[in-house]
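Just so it is clear, the values below take in all heavy atoms, side chains as well, and ignore hydrogens, waters and symmetry mates.
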Protein chains: 2
Amino acid sequence: MTTVLPLIHSDDVGAYGPRLTAGVVSDASAESLAGVFKALGAPTRVKLLSMVAAAPGAEACICDMTAPVGLSQPTVSHHMRLLVEAGLVTREQRGRWAHFRIVPGALAAVAFALQPAGSATRES
Amino acid sequence: MTTVLPLIHSDDVGAYGPRLTAGVVSDASAESLAGVFKALGAPTRVKLLSMVAAAPGAEACICDMTAPVGLSQPTVSHHMRLLVEAGLVTREQRGRWAHFRIVPGALAAVAFALQPAGSATRES
DNA sequence: CCCACATATTGACATCTGTCGATACATCGC
DNA sequence: GCGATGTATCGACAGATGTCAATATGTGGG
């Protein structure tokens with residue numbers, strides 16, 4: 001049950017994907033959006049995601065995250081797998097280590113889906 | 001286990017709440033954010049939320065939503081309760097009907113939490 | 001070649017979740 | 001008051017989820 005970006009479907013899509021506030025979303029869009037939200041729906045994964053984003057070089061490996069979240073290595077590996085399947089992070093195996101990175105634009109796409117109709121995001 | 005906005009906590013907060021990409025979030029922020037994401041983590045609730053947003057007058061009652069989602073009335077009531085508890089919609093009892101509305105700014109606050117550091121939202 | 005180390009997989013378990021049918025509660029019209 | 005109607009609550013149940021210990025897999029160093 002691997003959920004993947006892009007969150008693009010037929011009816012309720014804007015330029016960057018479906019939008020919650022732009023009419024009733026299709027079943028497919030609801031499924032895609034809920035898939036990403038479900039991946040974000042555990043405190044552990046929220047923290048892991050922020051740790052990846054905040055890591056030096058925007059890159060983190062499991063060994064660096066196990067201790068801070070206070071969970072076992074298999075559990076952290078499991079959560080990271082879910083984040084990868086949701087299309088929020090990428091895994092890159094380099095030697096013994098698995099390096100995780102935030103997928104560029106993935107979080108922004110979800111943010112876009114939540115913004116009120118008629119608003120846009122601008123870089124400062 | 002009623003989760004409520006605002007998603008404000010000590011360390012990782014910006015002007016509008018915690019931000020996933022602005023350093024490692026605190027346990028409390030991770031819990032708050034995950035609570036909202038969990039509420040959005042079911043296709044049924046995503047669709048219900050968009051139906052409320054798209055309803056005439058931005059207001060909907062259970063009786064209008066039961067048929068479109070194809071679920072029983074108790075189930076829809078249950079989902080709406082979760083959305084209310086997550087702080088995403090409000091319930092207002094008027095006569096026999098329960099009227100639901102999107103909480104102004106609630107979705108925007110979640111969107112803010114997901115936006116990359118240094119970006120802002122602007123009305124068009 | 002073998003050991004140490006980083007990660008993934010498996011199996012198990014308690015808990016949470018989504019759904020329903022049955023039923024209770026509340027309000028309106030008559 | 002009574003019946004109809006909209007909504008909430010309760011009890012039940014299958015399935016998903018988060019976690020762990022044990023184990024497997026893979027990689028690098030000596």
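Atom pair A:Arg91:CZ and C:dT9:C1' shows a separation of 12 Å (rounding to whole Å applied). A straight line from CZ of A:Phe37 to P of D:dT17 spans 17 Å, rounded to a whole angstrom. Between the CE atom of B:Met65 and the P atom of D:dG6 there is a distance of 14 Å, rounded to whole Å. Taking atom CZ on A:Arg96 and atom P on D:dT27, their separation rounds to 11 Å, with Å as the unit. When the P atom of D:dG6 is taken as reference, atom CZ of B:Phe100 falls 14 Å away, rounded to whole Å. Computed from coordinates, the A:Met80 CE to C:dA8 P distance equals 9 Å when rounded to whole Å. Taking atom CD of B:Glu31 as the reference point, atom P of D:dG18 lies 12 Å away to the nearest angstrom. In this structure, A:Leu83 atom CG and C:dA8 atom P are separated by 12 Å, rounded to whole Å.
A:Ser29 places a side-chain heavy atom less than 4.5 Å from the side chain of A:Ser26. No side-chain heavy atom of B:Phe100 sits less than 4.5 Å from a side-chain heavy atom of B:Leu83. B:Leu40 has its side chain within reach of B:Leu88: a pair of non-hydrogen atoms, C-beta onward, lies under 4.5 Å apart.
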Could you encode protein contacts along nucleotides 18-23 of chain C as a string, one character per nucleotide from 5' to 3', using B for base contact, S for sugar-phosphate-only contact and - for no contact, with a heavy-atom cut-off of under 4.0 Å? SBBBB-

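Comparing D:dA8, C:dC28, C:dT7 by their nearest atom to the side chain of A:Trp97 picks out C:dT7.
At least one side-chain nitrogen or oxygen of B:Arg81 sits closer than 4.0 Å to the OP1 or OP2 atom of D:dT9.
Using a distance-only test at 3.5 Å, with no hydrogens or angles considered, no donor-acceptor pair links the side chain of B:Arg81 to the main chain of B:Val76. In this structure, B:Arg45 contributes its side chain and B:Met80 its backbone to no donor-acceptor pair below 3.5 Å.
A:Glu59 has a carboxylate O that lies under 4.0 Å from a charged side-chain N of A:Arg94, or vice versa, which qualifies the two as a salt bridge.
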